[in-house]
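The structure appears right after this line, and notes come after that.
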Amino acid sequence: MELYGRVLLIAMPIFLVAVLAEMWYGRWRGKDTYRTMDMISSMSSGITNVTKDVLGLSVSLLTYGWMVKHLALFDIKATVWTYVIAFIVLDFQGYWVHRIAHQINFFWNKHAIHHSSEDFNLACALRQSISSFINLFTFFLLPAAVLGVPAEVIAIVAPLHLFAQFWYHTQHIDRMGFLEKILVTPSHHRVHHAINPEYLDRNHSQIFIFWDKLFGTYQEELPDVPPVYGITRPSNTWNPVKINFQHLWLLAKDAWRTNNTLDKFRIWFMPTGWRPADVMDRYPVEKIDDLYGYVKYEPKSSGALKTWAWIQLGVTLLFLMYFFGHLGQIKMPGIFYYGGFIFLTVYAYTELMDHNPYALGWEALKNAFGLYLIISMGDWFGISQFLPSGAYLVSGYFVLSALITAWFVFNEIRSQTLSQPAKASGKAELV
């Protein structure tokens, strides 16, 4: 856990600089692929994902270490070729886990967050799940276990394999020649993130594109079909915690509401998007019909609110970096209190971004919890050892954050209608 936290302390600034560099490059070239609130939502999703990972809130029913111990036919050492084999096997597993997530209702919930951005840029790569608590697919690593690839090798290769999927979330790199035949490129992944019928559920590969070509899910980017990004049932929120559970909540409601007993059970394992016929008629949900006329979700926000959202994101990143840098000092159960605070913080300011007047309640809850932690500990998780006035600065932030949020709720949000102007165009249908 502490090692992972130190790795994230290095990786997070690199990802942030890359995102900002792409944004500035796009504006310089006259092809800006970023919207402020979408960008902040994406980075906030990344915050919740890495916080969940550090807290260790996921378990594997079948561990790779167990498979190596009981199934390995060979006892091989960690050499360069061992790492190469591990990387290829991880990529093979990644293809199938990714494909299953797109094709089965229940598993789509953990992946929908990654596709929820209606833009395509490096920031949307940070939209990762917090809704997956049990890993069911470790068995796809069976080939590596049978070969005897050490668990320590997989532990090193896995984060490298994940980070290597960041760079191709961009619209600024065109075709890449012969590399298109070997690697997943930005062109391939633009297809994957598109909701055009020609592109839907294609190009599931993560590093090597030949898995898609081998298993029949490859589609090249067509010059006359510009990709439209997002999900066919738009999330209509900037709150990444909500997005993570929207699909699961719909499945649960449909399973409860349907009068067909069989449908109550099979809905979870049917193809993604399937709903019982009687529920579809009685409880329609929004689905994008006009791809090129559809208006992206974007409640009208003032420049001041956007600036405040940036400030909240920046402060949250500072809290997060302190957390990752002092995991050993914070220890149990403090890390769970701190993690809960991070989640409350993200939830509160993204509700404000959504123009939800209840954002003030969430903000009050976050700040009250934070002040309670300071009062009960007499400090903010040992910050006074490094910054004597640290606890006072954190307390001051809580008070100021509550006051500013209240100002926006009463002077900007409540002065507007609660309906979203972006949805007034009627460009989506109910199904």
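Aromatic ring orientation, W211 versus F92: perpendicular (interplanar angle above 60°, classes split at 30° and 60°). Note: H189 and F120 have tilted aromatic rings, judged against thresholds of 30 and 60 degrees for the angle between ring planes. Aromatic ring orientation, H172 versus Y25: perpendicular (interplanar angle above 60°, classes split at 30° and 60°). Ring orientation note: the planes of H193 and H114 are nearly perpendicular, at an angle over 60° on the 30°/60° scale.
Counting non-hydrogen atoms of neighbouring residues, nucleotides and ligands closer than 6.0 angstrom, the CZ atom of F74 reaches no more than 12 such neighbours. Around CZ of F163, the count of heavy atoms belonging to other residues, nucleotides or ligands within 6.0 Å exceeds 12. Other residues, nucleotides and ligands contribute over 12 non-hydrogen atoms within 6.0 Å of the NZ atom of K213.
Every residue was checked against the side chain to side chain donor-acceptor pair (under 3.5 Å) condition with H326, not counting sequence neighbours, and none meets it. Among residues two or more places apart in sequence or in another chain, the side chain to side chain donor-acceptor pair (under 3.5 Å) test is passed with T48 by none. Considering only residues two or more places apart in sequence or on other chains, W274 meets the side chain to side chain donor-acceptor pair (under 3.5 Å) condition with none of them.
A centroid separation of 6.0 Å or more is found between the aromatic rings of H247 and H111. If you look at W238 and Y349, their ring centroids are not closer than 6.0 Å. Between Y392 and W380, the distance separating the two ring centers is not shorter than 6.0 angstrom. F319 and Y397 have their aromatic ring centers within a separation under 6.0 angstrom.
No hydrogens or angles considered: a donor-acceptor pair under 3.5 Å links the side chains of E286 and N236. Residues S41 and D38 bring no donor and acceptor atom of their side chains to less than 3.5 Å of each other. Counting only N and O atoms by type, the side chains of T217 and R202 include no donor and acceptor under 3.5 Å apart. Using modelled atom types and a 3.5 Å distance limit, the side chains of Q206 and D91 yield no donor-acceptor pair. Inspection of the H188 and E221 side chains reveals no N or O donor paired with an N or O acceptor under 3.5 Å. Between the side chains of S129 and S132, no donor-acceptor pair of N or O atoms lies under 3.5 Å. Side-chain atoms of S45 and Q128 include no donor-acceptor pair closer than 3.5 Å. When only modelled atom types and interatomic distance are considered, R127 and S116 share a side-chain donor-acceptor pair under 3.5 Å. Residues T185 and S187 have side chains that never bring a donor and an acceptor to within less than 3.5 angstrom of each other. The closest side-chain donor-acceptor pair between Q103 and T272, if any, does not fall under 3.5 angstrom.
Although no hydrogens or angles enter the test, the distance criterion places a donor-acceptor pair under 3.5 Å between the side chain of H204 and the main chain of D201.
Summarising the geometry, atom CG belonging to N356 is positioned 5.0 Å from atom NZ belonging to K242; distances are rounded to the nearest 0.5 Å. We find the OH-CD1 distance between Y338 and I330 to be 6.0 Å, quoted to the nearest 0.5 Å. Atoms NZ and CD1, on K287 and I195 in that order, are 9.5 Å from each other to the nearest 0.5 Å. In this structure, L250 CG and D254 CG are separated by 4.5 Å, a value rounded to the nearest 0.5 Å. Atom OG1 of T51 sits about 12.0 Å away from atom CZ of F336, to the nearest 0.5 Å. Distance check, rounded to the nearest 0.5 Å: NE2 of H169 to CG of N121 gives 9.5 Å.
Residues F215 and D212 are not in side-chain contact: their nearest non-hydrogen atoms beyond the backbone lie 4.5 Å or more apart. Between E118 and R35 there is a side-chain heavy-atom pair separated by less than 4.5 Å. Between V7 and P159, every side-chain heavy-atom pair lies at or beyond the 4.5 Å cut-off.
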Derivation and outcome, side chain to side chain contact (heavy atoms under 4.5 Å, CB included), residues Q93 and F139: CA-CA 9 Å; Q93 182 216 29; F139 67 86; over 6 Å; no
